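Model, not experiment: these values are computed from the prediction.
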Amino acid sequence: MRNAWRAWQELSGLLLPVACAGCGRPRTELCTACGAALHGAPARLVRPSPRPPGLPAVYAAAPYENAVRAVLLAHKERGALGLAGALGRALAGCVRAGAGWPGDAGPLLLVPVPSARSSTAARGHDPVRRIAAAAARDLRRTGLPAQVLPLLRQRRAVADQSGLGARQRRANLAGALELTAGGGRLLRHELLRHGLLRHGLLRLGRVILVDDLLTTGSTLAEAARAVGEAGGVGRESSVHGVCRAAVVAASPTAFEINRN
């Protein structure tokens, strides 16, 4: 059933009249102006306030407003799957900014933040994982080895985050994520295979947590904890900047705080 729904979503995008997801301009899924708003500027280091403990350095492509907000919602909630390429391109730029460019330092391991199973089932797809896959393809096309490692899952149900403040979100997500069965072994295998784990320490910036949106940073902080602890790397690796994070968009205030 899920595959049939996904096929219908992709087919409908070809057969039905399309309009720009960002501004509504007809006969294009994403116009030039809205594409530029999404990935036309260099990625920026962003920081929510207050910054949750354990949050790694986070790079974002654009503020979550106007056309960028509309494009993300169209892909995430309305199944505009054709937008994954543009969103992946934006995310890839953030991954590059967080990891640096050295191609001899081993591949980038992109770890997507998981959605709840119920949300994935309702949408018919996993938007963050889809964008991460598009980002990895973009990175490889430009000569930077990258692969997606979907290592994380929700350990328990969490309350709807909308309407919660920063402190409430931290409490809501505390201990909510864990590595999948065998995820810890897979992560350590990939780190050791590519020479990214030496003397118990990760090489700087090679594990990148990826998500579509940063608001308070609580989700990424929890993801960093889960990868660091359950992966056998140790919490200190994520807290002290070895693990990085990349998102398509961040709240406008996260951009403003870092600008000042």
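Shown are D126, I131, V128; of these, the side chain to side chain contact (heavy atoms under 4.5 Å, CB included) with P112 is made only by V128. Evaluated for a side chain to side chain contact (heavy atoms under 4.5 Å, CB included) with T28, the options C23, C34, C20 yield exactly one hit, C20.
Counting heavy atoms of neighbouring residues, nucleotides and ligands inside a 6.0 Å radius, atom CZ of R140 exceeds 12 of them.
Judged purely by atom type and a 3.5 angstrom limit, R69 has no side-chain atom pairing as donor or acceptor with the backbone of L73. Under the 3.5 Å distance criterion, the side-chain polar atoms of H39 are left unmatched by any main-chain donor or acceptor of A92. No donor-acceptor pair closer than 3.5 Å links the side chain of E178 to the backbone N or O of L152. Without hydrogens or angle criteria, R47 side chain to A254 main chain gives no donor-acceptor distance under 3.5 Å.
Looking only at side-chain heavy atoms (C-beta outward), R51 and L55 come within less than 4.5 Å of each other. Within the 4.5 Å cutoff, the side chain of V210 has no heavy atoms near those of the V247 side chain. Proximity of H125 to H75: side-chain heavy atoms (C-beta onward) are separated by under 4.5 Å at one or more points. Taking 4.5 Å as the limit, some side-chain heavy atom of L214 sits within range of a side-chain heavy atom of P48. Using a 4.5 Å heavy-atom cutoff, the side chains of V58 and L45 are not in contact. Annotation: side chain of P127 is in contact with side chain of R123 (closest heavy-atom distance under 4.5 Å).
For R129, there are no salt bridge (Lys or Arg N to Asp or Glu O under 4.0 Å) partners two or more places apart in sequence or in a different chain. Taking the salt bridge (Lys or Arg N to Asp or Glu O under 4.0 Å) definition, one finds that D211 meets it with nothing, sequence neighbours left out.
Smallest separation of non-hydrogen atoms from P114 and Q154: CG-N, 4.4 Å. Of all the heavy atoms in L108 and A99, the pair that sits closest is CD2-CB, 3.3 Å. The two atoms that bring A43 and G93 nearest to each other are CB-O, 3.8 Å, heavy atoms only. Here the shortest heavy-atom pairing between Q147 and P107 reads OE1-CG, 4.4 Å.
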Given Y64 and L72, is the side-chain contact (heavy atoms from CB on, under 4.5 Å) satisfied, shown in steps?
CA-CA 9 Å; Y64 185 63; L72 274 170; 3.8 Å; yes

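The CD atom of E29 sits 4.5 Å away from the CG atom of L83 when rounded to the nearest 0.5 Å. The CG atom of L209 lies 10.0 Å from the CG atom of L110; values are rounded to the nearest 0.5 Å. In this structure, CZ in F255 is found 6.0 Å from CZ in R44, a value given to the nearest 0.5 Å. L220 CG to L213 CG: the interatomic distance, rounded to the nearest 0.5 Å, is 9.5 Å. Expressed to the nearest 0.5 Å, how far CG of L91 lies from CZ of R96 amounts to 10.0 Å. From L151, atom CG reaches atom CG of L109 across 8.5 Å, with rounding to the nearest 0.5 Å.
No salt bridge links D212 with R130; every basic N to acidic carboxylate O contact stays at or beyond 4.0 Å.
Under the 4.5 Å side-chain heavy-atom criterion for ILVMFWY residues, a single connected hydrophobic cluster contains both L139 and I208.
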